[in-house]
Engineer: 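Dropping the structure in here first, questions after.
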Amino acid sequence: MACRFILQNLSKRHLLHSTFASRSASTLILAEHEGGSIKAQSLSAVAAASSINGDNPVSLLLAGSGSSLQQAAEKAATCHPSVSQVLVADSDKFAHPLAEPWAKLIQLVQLKGGYSHVIATSGSFGKNILPRAAALLDVSPVTDVVEINGPHQFIRPIYAGNALCTVRYTGANPCMLSVRSTSFPVPPISGDLKSGGASISEVDLSTLDEDSIGKSRFIKLSSEETDRPDLGSARVVVTGGRALKSAENFKMIEKLAEKLGAAVGATRAAVDAGFVPNELQVGQTGKIVAPELYMAFGVSGAIQHLAGMKDSKVIVAVNKDADAPIFQVADYGLVGDLFEVIPELLEKLPEKK
């Protein structure tokens, strides 16, 4: 009896896999939105989907509630020529990006759509949701992808970015990926998008299991009111390390960033010491950035930090220690006391217009 049961289930699994394989390849993007607009990193996920196969239809999945969701859906429909459909899940359950309801939503949409690929970005949103959704769908996700060489062959960093690993996915559909947004820049979009953009469809949530989505609850969102650009997408990033010694001294980094129109970053040591909140952390366990200019003050260059910023176009480092590892990746380095260098920069740099 046990053998017959196993064989029957294996046959069902094979049939399910064959059914998916027979469908044309298609990609589902887990899109983030805020204030009625699609976030830039979600457009990078669309660019990654185009690398799989330029002819594959791409669907964007948006979830939330209220008028901002509908505004985001309208903008998503015309955000990229590769997008053929926008799926909208409008419910108070998705007012905040909790893993449980989102994972159940992805399972529901996948069972109806039979997508060959599901893609999210490697930010806090994707890292929170993708593994749980993959578990529900009984597949293994490929995380932190930096290059796509085919529908099932990907490159991802290992050993804190010191080596690159080529991964071939051999599991059942969907192939679930998280991609580094900095590795898939969005090319300029021409104005010849199809008229009306992609179709917008409501997701039928009537069959969503209510009992399995209430294990966590949203308490509050804390964010700083600032005019500085977002750390993940800024053209210039100014980062401070533990050498700044205090939260009061770290304000020098913030003043310099304001003069340069830059985002503020920090090492894990500076975050752990309480100088700045953890959303400013750059590194393997923080945010991955690749700005045009990265300025590091008092940053030793630990391997975990380098993993988050070494793809920056130009790296400038200031450190008292001439043997600091940061100088090995820096394009320009200055051995000096940051408490002398930063005030001089603040004095000589013109005010931001």
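We're numbering straight along the sequence, starting at 1. Everything numeric here is computed off the predicted structure, so don't read it as measured data.
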Engineer: Measure from the side-chain N and O atoms of H80 to the backbone N and O of S82, and report whether any donor-acceptor pair falls under 3.5 Å.
Structural biologist: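 Looks like yes, one N/O pair under 3.5 Å.
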
Engineer: Are any non-hydrogen side-chain atoms of L28 and S59 less than 4.5 angstrom apart?
Structural biologist: yes

Engineer: Would you call M176 and L30 a side-chain contact if the rule is heavy atoms closer than 4.5 Å?
Structural biologist: no

Engineer: Are the side chains of F339 and M252 in touch, meaning some heavy atoms are under 4.5 Å apart?
Structural biologist: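 A side-chain contact under 4.5 Å exists here.
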
Engineer: P151 versus H117: any side-chain heavy-atom pair under 4.5 Å?
Structural biologist: yes

Engineer: Does any non-hydrogen side-chain atom of L61 lie less than 4.5 Å from one of V118?
Structural biologist: no

Engineer: Side-chain heavy atoms under 4.5 angstrom apart, residues restricted to Ile, Leu, Val, Met, Phe, Trp, Tyr: same cluster for I29 and L137?
Structural biologist: yes

Engineer: Please confirm whether the backbone N or O of A63 pairs with a side-chain atom of H33, one donor and one acceptor, at under 3.5 Å?
Structural biologist: yes

Engineer: Any side-chain heavy atom of C79 sitting closer than 4.5 Å to one from L60?
Structural biologist: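 Sidechains of L60 and C79: in contact.
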
Engineer: Could you tell me whether the side chain of S42 and the main chain of E32 form a donor-acceptor pair under 3.5 Å?
Structural biologist: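 Checking the backbone N and O of E32 against the side chain of S42, a donor-acceptor pair under 3.5 Å is found.
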
Engineer: To the nearest 0.5 Å, tell me how far Y294 OH sits from T239 OG1.
Structural biologist: 3.0 Å

Engineer: Any side-chain to backbone donor/acceptor pair from K320 onto A243? Under 3.5 Å, distance only.
Structural biologist: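 Checking the backbone N and O of A243 against the side chain of K320, no donor-acceptor pair under 3.5 Å is found.
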
Engineer: So do the side chains of L164 and P157 get within less than 4.5 Å of each other, counting heavy atoms only?
Structural biologist: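 Result yes, sub-4.5 Å side-chain heavy-atom pair found.
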
Engineer: Is there a path of hydrophobic side-chain contacts, each under 4.5 Å between heavy atoms of I/L/V/M/F/W/Y residues, joining L345 to V318?
Structural biologist: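 Linked, V318 and L345 end up in one cluster.
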
Engineer: Is there a path from L293 to I288 through hydrophobic residues (I, L, V, M, F, W, Y) whose side chains come within less than 4.5 Å of each other?
Structural biologist: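 No.
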
Engineer: Identify whether L346 and M295 are in the same connected component of the hydrophobic contact network (ILVMFWY, side-chain heavy atoms under 4.5 Å).
Structural biologist: yes

Engineer: Under a 4.5 Å side-chain heavy-atom rule over Ile, Leu, Val, Met, Phe, Trp and Tyr, are V299 and V341 clustered together?
Structural biologist: no

Engineer: I'd like to know if the side chain of S122 reaches the main chain of V179, judged simply by a donor and an acceptor atom lying under 3.5 Å from each other, with no hydrogens or angles considered.
Structural biologist: yes

Engineer: Any donor-acceptor pair under 3.5 Å linking the side chain of K310 with the backbone of V329?
Structural biologist: no

Engineer: Under 3.5 Å, is there a donor-acceptor pair between the side chain of R180 and the main chain of V146?
Structural biologist: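 No.
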
Engineer: Less than 4.0 angstrom from a charged side-chain N to a carboxylate O is my criterion; do E292 and K313 meet it?
Structural biologist: no

Engineer: Could you tell me whether a side-chain N or O of N249 sits under 3.5 Å from a main-chain N or O of L244, the two making a donor and an acceptor?
Structural biologist: yes

Engineer: When you measure from the side chain of T182 to the backbone N and O of V289, does any donor-acceptor pair fall under 3.5 Å?
Structural biologist: no

Engineer: Look at the aromatic rings of F275 and F250 and report parallel, tilted or perpendicular, splitting at 30° and 60°.
Structural biologist: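 Answer is tilted, since the angle falls between 30° and 60°.
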
Engineer: Can you check whether R228's main-chain N or O pairs, donor with acceptor, with E258's side chain at less than 3.5 Å?
Structural biologist: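 A pair under 3.5 Å: no.
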
Engineer: Can you check whether F297 reaches L256 side chain to side chain, under 4.5 Å on heavy atoms?
Structural biologist: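 Yes, side chains in contact.
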
